[in-house]
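Model, not experiment: these values are computed from the prediction. In what follows, residues are counted from 1 in the order of the sequence shown.
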Amino acid sequence: MRSHVAELAGLRERVLAGPSEKATAAQKAKGKLTVRERIGLLLDEGSFHEVEPLRRHRATGFGLEAKKPYTDGVVTGWGTVEGRTVFVYAHDFRIFGGALGEAHAAKIHKIMDMALAAGAPLVSLNDGAGARIQEGVTALAGYGGIFRRNTAASGVIPQISVMLGPCAGGAAYSPALTDFVFMVRGTSQMFITGPDVVRAVTGEEISQDGLGGADVHAETSGVCHFAYDDEETCLEEVRYLLSLLPRNNRETPPVVACDDPADRRCESLADLVPADGNRPYDMTRVIEEIVDDGEYLEVHQRWARNVICALARLDGQVVGIIANQPQTLAGVLDIEASEKAARFVQMCDAFSIPLVTLLDVPGFLPGVGQEHGGIIRHGAKLLYAYCDATVPRISLILRKAYGGAYIVMDSQSIGADLTYAWPTNEIAVMGAEGAANVIFRRQIAEAEDPEARRAELVKEYRAELMHPYYAAERGLVDDVIDPAETRSVLIAALAMLRTKHAERPTRKHGNPPQ
């Protein structure tokens, strides 16, 4: 027995060492960590339990029968992050370039099934060259099994994809099916067809990073939620995100002890937000003032910047914050902002994260490009997401809330549990100037001094229909509050709504706008 145990120990040492020192050196030369170094940074020290480390492929042909490395290019297993179970699979680029074959896929399928059965988050560390060409259609079928499991787990357990190398072709669709995508600048890329194919088909010259690098997907395509300069920072932020999420959809997010007083007054808010609705300000500073210790994690920070989506805590409880950003495009809603906010609302609702919406929105962005791009159906995605959400929902109107954008941004009429407003709020179909031009067009045109008459009528319209208490008098706002009391009011409301239960109609599923 002792000799067999010694043989096993030697075998395990070879598995842990990887295929060769040369392959490891090549990985390091690209500025990338090895697969086990990555897992070590992601999980709590000493917590990783590997599954099927001795698995090898059984393919033949094209020289494969002479090359059968252990793990088959993917390391799978489970461990803990801050003491909570997390499942992980990580490609090993040193073995077949991390390419997926039959055995490789079977290992991933197994760990995905285990994560779903255990009700624990799944993190994929992606660094692979796509399907293993030598194995043909069986490799493609392996991707199909991953996609099917991604879909089955959607909204049941958190799924996080971390891009630490290339991800091309069909392999890119698995991350797109998950809840969050992280990328590292300079080393990770995602694209369906690479630069060579693009050049051959369209004649366009572009680099890998220019086509599908971290900055492109973080700023232009919206595929990437978070982008970082190095793997260490990236994996540390994955850990932070996991600390804000529940293990599955049957649990609530973890609660932490909070030293930031629940009744802390936010006196600076009165100075941060100008009363003049035409003056911009930075909504992130408002969020920092309200949430625990000023800490929050912004999702899609660099894409569709006119709306902010962030995870934070109020009195130790996790909340999802959706807020217009007056600093960008005056905070209007457009196609990309609607899609960004809709997906975030759906994620929060799936994982029992209450929603806090901060409104300062002048409307939807007008223009031929927006209309032809489908702003109607894209805007409807956000409307559908809010209407379908059953978690506690609180909205706060800071300044203006005009037209359809006011309704879409979780107004009371579409199901917000509580709606508050600051004394600077203006809720209307449109701004007073625009409204006066429409309603009083004839009177203005017939006046001896049209501009003076127009100014008079604008003032009259604002006094009649846009004063801060108009909506409150009609029950469309539950209360008008002192901005300094915002934090304490939100915390008290969330505490009351913590046991909220909403019945859903019996149906297979809805048919959301696409």
Side-chain angles (χ1 to χ4, degrees), residues 81-84 158 237 239-273 282-299 308-323 341 344-345 347-360 386 389-398 409-410 412 415-422 477-502:
V81 172
E82 296 187 2
R84 298 192 304 154
E237 289 299 293
R239 287 176 58 88
Y240 179 44
L241 173 60
L242 285 166
S243 76
L244 296 167
L245 299 174
R247 292 190 301 175
N248 56 63
N249 65 344
R250 300 183 300 278
E251 298 183 2
T252 54
V255 181
V256 300
C258 178
D259 295 327
D260 194 347
D263 59 354
R264 171 173 58 80
R265 288 180 63 81
C266 306
E267 299 289 356
S268 65
L269 290 178
D271 300 317
L272 287 175
V273 181
D282 187 355
M283 183 66 84
T284 62
R285 295 185 64 193
V286 175
I287 296 171
E288 287 173 3
E289 182 65 23
I290 294 171
V291 303
D292 293 354
D293 302 312
E295 293 183 0
Y296 65 94
L297 179 64
E298 187 171 350
V299 179
I308 297 168
C309 298
L311 293 169
R313 282 191 168 93
L314 283 169
D315 199 29
Q317 305 277 346
V318 178
V319 296
I321 298 174
I322 304 94
F344 184 75
V345 169
M347 185 280 299
C348 288
D349 186 52
F351 295 115
S352 303
I353 299 173
L355 296 168
V356 174
T357 305
L358 307 179
L359 284 87
D360 191 346
Y386 268 125
T390 61
V391 292
R393 292 156 50 188
I394 301 172
S395 61
L396 171 66
I397 302 158
L398 280 64
M409 290 287 291
D410 207 17
Q412 193 174 102
D417 296 297
L418 288 167
T419 303
Y420 297 103
W422 285 0
V477 167
D478 291 294
D479 198 6
V480 179
I481 64 172
D482 178 351
E485 298 175 352
T486 299
R487 174 175 165 83
S488 60
V489 167
L490 291 176
I491 288 173
L494 288 166
M496 179 275 294
L497 290 167
R498 199 160 294 143
T499 55
K500 174 185 174 182
H501 176 71

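Looking at heavy atoms from C-beta onward, L398 lies in side-chain contact with M283 at the 4.5 angstrom threshold. When side chains are defined from C-beta on, V299 does not count as touching L241, because their heavy atoms never get closer than 4.5 Å. The closest side-chain heavy-atom distance from L396 to V356 is not below 4.5 Å. Side-chain contact between I321 and V291 is present, with at least one heavy-atom pair separated by less than 4.5 Å. Side chains of R393 and T357 form no contact here, defined as non-hydrogen atoms less than 4.5 Å apart. Looking at M409 and I397, their side chains never come closer than 4.5 Å, going by heavy atoms from C-beta outward. Contact annotation: the side chain of K500 never approaches that of P354 to less than 4.5 Å [non-hydrogen atoms, C-beta and beyond]. Side-chain contact between E485 and Y420: absent, with no pair of heavy atoms (C-beta onward) separated by less than 4.5 Å.
C309 approaches F344 most closely through the heavy-atom pair CB-CG, 3.6 Å. Closest approach of D260 and R487 over heavy atoms only: O-NH2, 2.9 Å. In plain terms, the two heavy atoms of G320 and I353 that are nearest each other are N-CG2, 3.4 Å.
Side-chain atoms of S395 come within 3.5 Å of backbone atoms of D410 as a donor-acceptor pair (strictly under, hydrogens ignored). For D349 (side chain) and V391 (main-chain N/O), a donor-acceptor pair under 3.5 Å exists by modelled atom type.
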Criterion side-chain contact (heavy atoms from CB on, under 4.5 Å) on I394 and L497, from CA distance to verdict: CA-CA 10 Å; I394 301 172; L497 290 167; 3.9 Å; yes

If you apply the rule side-chain contact (heavy atoms from CB on, under 4.5 Å), what do you find for M496 with L418, and how did you get there? CA-CA 11 Å; M496 179 275 294; L418 288 167; 3.7 Å; yes

Start with the C-alpha gap between L358 and I308, add the side-chain angles, then the distance that decides, and say whether side-chain contact (heavy atoms from CB on, under 4.5 Å) holds. CA-CA 9 Å; L358 307 179; I308 297 168; over 6 Å; no

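Note that the CD1 atom of I481 and the CH2 atom of W422 stand 8.0 Å from one another [nearest 0.5 Å]. Note: L272 CG to I287 CD1 = 12.0 Å, rounded to the nearest 0.5 Å. Annotation: the span from L494 atom CG to Q317 atom CD amounts to 8.0 Å, rounded to 0.5 Å. Considering CG of L314 and CG of L490, their distance stands at 6.0 Å, rounded to 0.5 Å. A distance of 4.0 Å separates OG1 of T284 from OH of Y296, quoted to the nearest 0.5 Å. Taking CG of D271 as the reference point, atom CD of E289 lies at 10.0 Å (rounded to 0.5 Å).
By the neighbour-count criterion of 12 heavy atoms within 6.0 Å, atom CZ of R285 is sparsely surrounded, having that number or fewer from other residues, nucleotides or ligands.
Under the 3.5 Å distance criterion, with hydrogens and angles disregarded, no donor-acceptor pair is assigned to the side chains of S352 and T252. Side-chain contact, E82 with S243: no donor N or O sits under 3.5 Å from an acceptor N or O.
Applying the salt bridge (charged side-chain N to carboxylate O under 4.0 Å, His left out) criterion to D315, with sequence neighbours excluded, gives no partner residue. With sequence neighbours excluded, no residue forms a salt bridge (charged side-chain N to carboxylate O under 4.0 Å, His left out) with E298. E288 is linked by a salt bridge (charged side-chain N to carboxylate O under 4.0 Å, His left out) to nothing, counting only residues two or more places apart in sequence or in another chain.
A salt bridge between R313 and D293 is absent, with no side-chain N of the basic residue lying under 4.0 Å from a carboxylate O of the acidic one.
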